[in-house]
Amino acid sequence: LLSVEPYKPTSIALLLPLSGKLAKQAMTIRDGFLSAKPFDSLTTVHVLDTGLLELKDIENIIVERGVDFIVGPLEKETVISFQQSDVIRAVPRLNLNIPEILPTQLQNLARSYYFSLSPEDEIDQAIELFLEKEVKTPAVIYADNSLGRRLHERFNAAWYAATEKQAESIAFRNRSKLGEAVQQLLDVDASQARIAEMKRLFGAALETETRSRSDIDAVYVIANSQQTRLIKPFFDVNISAFGKRLPIYASSRSYVVDESTQQKRDLNGMFFTEMPWLIKNTEPQLHKLYETIGEQQTQLKKLFAFGHDAYELIFALKQLTILPSESFYGLTGKLSVKDNLAIKRQLSWSRYLQGKVIVQSEGSN
């Protein structure tokens with residue numbers, strides 16, 4: 001490890017779509033990237049707009065300015081197309097996305113790393129937790145849209161690979177169907193049907209109480225923050241009074257910066273993953289810096305942290321590659337390098353409790 005010289009670039013090209021539909025997001029990543037650069041650093045950062053410049057123009061700038069490390073591009077299609085360039089392939093780089101399917105020839109490019117805020121990372125982390133906690137019958141409730149279906153498929157594939165069993169699941173198309181989806185998942189609708197039949201046979205005065213199924217031992221929610229705030233109470237009211245507490249887990253999409261106490265109470269008891277920077281309020285000087293240049297939006301704050309970590313990662317990539325068990329603690333999570341040179345990201349587990357967010361220590365969630 002000591003014999004390996006880390007990357008020490010003197011001229012970095014940051015490739016981002018600073019014009020076009022992703023301009024706002026790209027500018028936030030740029031701001032985060034530059035915020036990580038020490039004031040006394042002699043390294044020069046060349047910010048190049050992939051929305052305006054042609055690949056040939058970018059290649060010329062890389063050669064003319066002696067670029068010795070590339071960060072970006074951001075869009076998946078651009079990552080693939082730029083990898084075909086001999087000029088770009090000759091320079092070590094940290095791509096800010098990873099294609100859905102990584103061609104074999106690109107996997108063999110030893111100096112091409114991939115870093116993204118992929119929501120699949122959180123699915124994998126949830127699966128790891130469920131296996132650790134010996135969950136036997138998890139259930140998934142997910143939004144019936146392209147992202148929801150994609151993440152549900154990832155959960156199913158990972159769970160089956162680990163257990164050779166299919167996970168219970170149900171989708172919902174809109175908010176008005178959430179209650180029905182929860183009741184169907186918990187078999188409460190079947191219980192209600194049995195009660196209706198009993199009352200038909202023995203009279204309406206019969207005292208009854210709906211019963212939810214008891215074999216599910218964890219629920220994972222794949223939904224945005226507004227949907228999750230409706231889903232959680234439905235589980236609370238549909239679990240049998242005499243049934244055991246059903247742990248509910250969700251991704252960072254359930255969390256919003258600057259939530260009110262009441263919003264937190266709506267999700268009381270739920271576990272979720274999120275960037276440590278947003279939950280633990282680490283690096284207060286960076287929060288102050290962000291507030292002067294960015295909007296107080298959850299997604300933009302995440303992108304700022306993403307850019308910041310991209311800069312910090314440059315100087316740790318070689319060491320993390322040699323020691324896959326080692327991690328780098330960034331704003332976006334605990335980062336390590338996988339065999340395919342993609343960055344693995346682990347977030348902090350937290351829990352909503354009595355109007356507050358409580359960070360869980362490892363092994364306690």
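Given the structure is predicted, the values throughout are model-derived calculations rather than measurements.
Looking at residues two or more places apart in sequence or on another chain, you find a side chain to side chain contact (heavy atoms under 4.5 Å, CB included) between S118 and S116, E120, D121. Residues passing the side chain to side chain contact (heavy atoms under 4.5 Å, CB included) test with P324: none are found, sequence neighbours excluded. Applying the side-chain hydrogen bond (donor to acceptor under 3.5 Å, both in side chains) criterion to D40, with sequence neighbours excluded, gives no partner residue.
Two residues are said to be in side-chain contact when any heavy atoms from C-beta on lie closer than 4.5 Å; L117 and M275 meet this criterion. Annotation: side chain of Y7 is in contact with side chain of P92 (closest heavy-atom distance under 4.5 Å). The shortest distance between side-chain heavy atoms of D144 and F172 does not fall below 4.5 Å. Between I279 and F272, the closest side-chain pair of non-hydrogen atoms falls below 4.5 Å.
Taking the six-membered ring wherever Trp is involved, the centroid distance between the rings of F306 and F33 does not fall below 6.0 Å. Taking the six-membered ring for Trp and the full ring otherwise, the centers of F155 and Y142 sit at least 6.0 Å from each other. In this structure, F130 has its ring center under 6.0 Å from that of Y249.
Considering OG1 of T321 and CZ of R111, their distance stands at 13.0 Å, rounded to 0.5 Å. The distance from the OG1 atom of T78 to the CG atom of L96 is 11.0 Å, given to the nearest 0.5 Å. Distance NZ/K356 to OG/S350: 14.5 Å, rounded to 0.5 Å. Note that the NE2 atom of H46 and the CD1 atom of I61 stand 9.5 Å from one another [nearest 0.5 Å]. I141 contributes atom CD1, which lies 6.0 Å from atom CG of L178 (distance to the nearest 0.5 angstrom).
The existence of a salt bridge linking R154 and D124 is confirmed by a sub-4.0 Å separation between a basic side-chain nitrogen and an acidic carboxylate oxygen. By the 4.0 Å N-to-carboxylate-O rule, K301 lies too far from E274 to be salt-bridged with it.
The closest side-chain donor-acceptor pair between D309 and T332 falls under 3.5 angstrom. The closest side-chain donor-acceptor pair between S112 and Q83 falls under 3.5 angstrom. A side-chain donor from one of S19 and D49 sits under 3.5 Å from a side-chain acceptor of the other. Donor-acceptor pairing under 3.5 Å is lacking for the side chains of T273 and Y255. Inspection of the S336 and E326 side chains reveals no N or O donor paired with an N or O acceptor under 3.5 Å. Judged purely by distance below 3.5 Å, without hydrogens or angles, the side chains of S169 and N156 never pair a donor atom with an acceptor atom.
Taking each heavy atom of A310 and V71 in turn, the nearest pair found is CB-CG1, 4.3 Å. Considering all non-hydrogen atoms of both residues, W349 and A126 come closest at CZ2-CA, 4.0 Å.
If you run side-chain hydrogen bond (donor to acceptor under 3.5 Å, both in side chains) between Y352 and each of Q263, E259, K232, only E259 comes through.
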